[in-house]
Every structure is written in structure tokens, then in C-alpha cells.
*Asks:* 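The structure under discussion is supplied below as C-alpha cells; questions concerning it will follow.
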Amino acid sequence: MPMHDRIIPYLERAGLYHLARLNSHWFWLDEPLVSAFVERWRPETHTFHMPFGEPAWEWFQDLFGELPPPNKVKQMTVHFTWFHERFSVLPPDANEETVRIYARAYIMMLLSTQLFGDKSANRVHIRWLPFVANLDEMGRYSWGSVALAWLYRCMCRVQKCD
């Protein structure tokens, strides 16, 4: 999935451009660092809710303008091929809202595959929706610190440290 020139300003504001420019195409980590944030799982309803109680898939549709087909969805993840197939070619005449959608898709892939990969190594978790919902606020997070904290947490799980 190429990094389109028009989404670079969003990556810069999110504080993720330095990570994205390591390679202009997606690359996969052999041993992903972490499995990021705890989901807001509600066992009584078996649903994943986002802030303000909005069901996650409704929010996904609001942010991306569509839902992936059912064969690309597994629980609260979307197969990365859907993102790649759907968002790899930014139309040259895209309006600013379309560019923002493509930036969200790129960032979701970036977070799920390069910074906070999980055991599946081929899925994008929708836990990132709260972050990509407001692209201008993403730069307020210290993504490197978060990644290091999660790496430490993962190492402690393996070594049984407190």
C-alpha cells in the first residue's frame, strides 16, 4: 500500500511520518512488538463499543464510508488485504475528506502491522478507531513511549516479572 503524497501532512500531524517513511510500502515484522490497547469488551452483549457507547462497526462505517465484506471481518479485526485492495490507489481528483479516509486507512495499517502487531500478523484491529477519528489530535500521543511500554509488558509476560 503506497504512501500517497497527499496523506503525508496527516502522518506528520499524527507524529507517525518518521515510521511511515521507513518504507513506502507496507512491511511486516517477523516478531511484532505488541498487541496494543485493551478492548472495551462487554461480555454481557459480546460487542465492542467505542467512546460514547457507539457500536464500533457503525463508527467504522462513519470513518471509512463503508464496511468491509463479511468474509474480511473476524471478530473485531479486518483482514489487511481489504485495506490494501480498497485504499492502495488514491484517486488523483480526491477531495479532502477522501484524503482523510485514505490517511486513516494508512495509519490503521501502520499501527497494526508496524508498531503494534499481534499474533495474527494479517489483521487490523478496530481498537485504533478512537485514534484515527480525530487525525489532528494523534500527534499528542507519544507513540514511541507507548510501543516501549507495551514491549516491556510483553517481555514481562514471558519472564513473569511484576
*Asks:* Could you pull out all residues at least two apart from E137 that satisfy side-chain contact (heavy atoms from CB on, under 4.5 Å)?
*Replies:*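 Testing E137 for side-chain contact (heavy atoms from CB on, under 4.5 Å), a comparison that skips the adjacent residues, returns N134, R140.
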*Asks:* Answer yes or no: is there a donor N or O on one side and an acceptor on the other, between the side chain of H4 and the main chain of Y102, under 3.5 Å?
*Replies:*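 No: the side chain of H4 does not pair with the backbone of Y102.
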*Asks:* Please enumerate all residues that pass ring pair (Phe, Tyr, Trp, His ring centres under 6.0 Å) together with F64, with sequence neighbours excluded.
*Replies:*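 F60, F83, F87.
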*Asks:* With sequence neighbours excluded, what pairs up with N95 under the side-chain contact (heavy atoms from CB on, under 4.5 Å) test?
*Replies:*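 N95: side-chain contact (heavy atoms from CB on, under 4.5 Å) contacts with E97, T98.
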*Asks:* Working to the nearest 0.5 Å, report the span between CE of M76 and CD1 of I126.
*Replies:*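 Reported value, rounded in 0.5 Å steps: 5.0 Å.
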*Asks:* I want to check something: taking the side chain as every heavy atom from C-beta on, are S112 and F80 in contact at a cut-off of under 4.5 Å?
*Replies:*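 The answer is no; the side chains never approach within 4.5 Å.
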*Asks:* With the side chain counted from C-beta on, respond yes when Y17 and P9 share a heavy-atom pair under 4.5 Å apart, and no when they do not.
*Replies:*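 Heavy-atom side-chain distance check fails, nothing below 4.5 Å.
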*Asks:* Do you know which two heavy atoms are closest between A14 and I107, and how far apart they sit?
*Replies:*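 Heavy atoms only, the tightest pair is CB-CD1, 4.2 Å.
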*Asks:* Quick check: closest heavy atoms across A133 and R104, and the distance to 0.1 Å?
*Replies:*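 Looking at all heavy atoms of both residues, the shortest contact is O-NH2, 3.8 Å.
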*Asks:* Which pairs with one or both residues in residues 69-86 pass salt bridge (Lys or Arg N to Asp or Glu O under 4.0 Å), sequence neighbours excluded?
*Replies:*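 Listed by first then second residue: E66-R86.
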*Asks:* Which atom names give the shortest non-hydrogen contact between W59 and P130, and what distance separates them?
*Replies:*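 Smallest interatomic distance, heavy atoms only, reads CH2-CA, 3.4 Å.
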*Asks:* Taking all non-hydrogen atoms of both residues into account, name the closest pair between A56 and L129 and its distance.
*Replies:*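 Taking A56 first and L129 second, the nearest heavy atoms are O-CD1, 3.7 Å.
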*Asks:* My understanding is that only residues two or more places apart in sequence, or in another chain, count here; which of them pass salt bridge (charged side-chain N to carboxylate O under 4.0 Å, His left out) with E12?
*Replies:*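 So E12 forms no salt bridge (charged side-chain N to carboxylate O under 4.0 Å, His left out) with any residue.
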*Asks:* Using the test salt bridge (charged side-chain N to carboxylate O under 4.0 Å, His left out), find all partners of D136 that sit at least two apart in sequence or belong to another chain.
*Replies:*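 Partners of D136 under the salt bridge (charged side-chain N to carboxylate O under 4.0 Å, His left out) test: R13.
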*Asks:* Within the distance-only criterion (no hydrogens, no angle test), does the side chain of R6 pair as donor or acceptor with the backbone N or O of V99 below 3.5 angstrom?
*Replies:*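 No.
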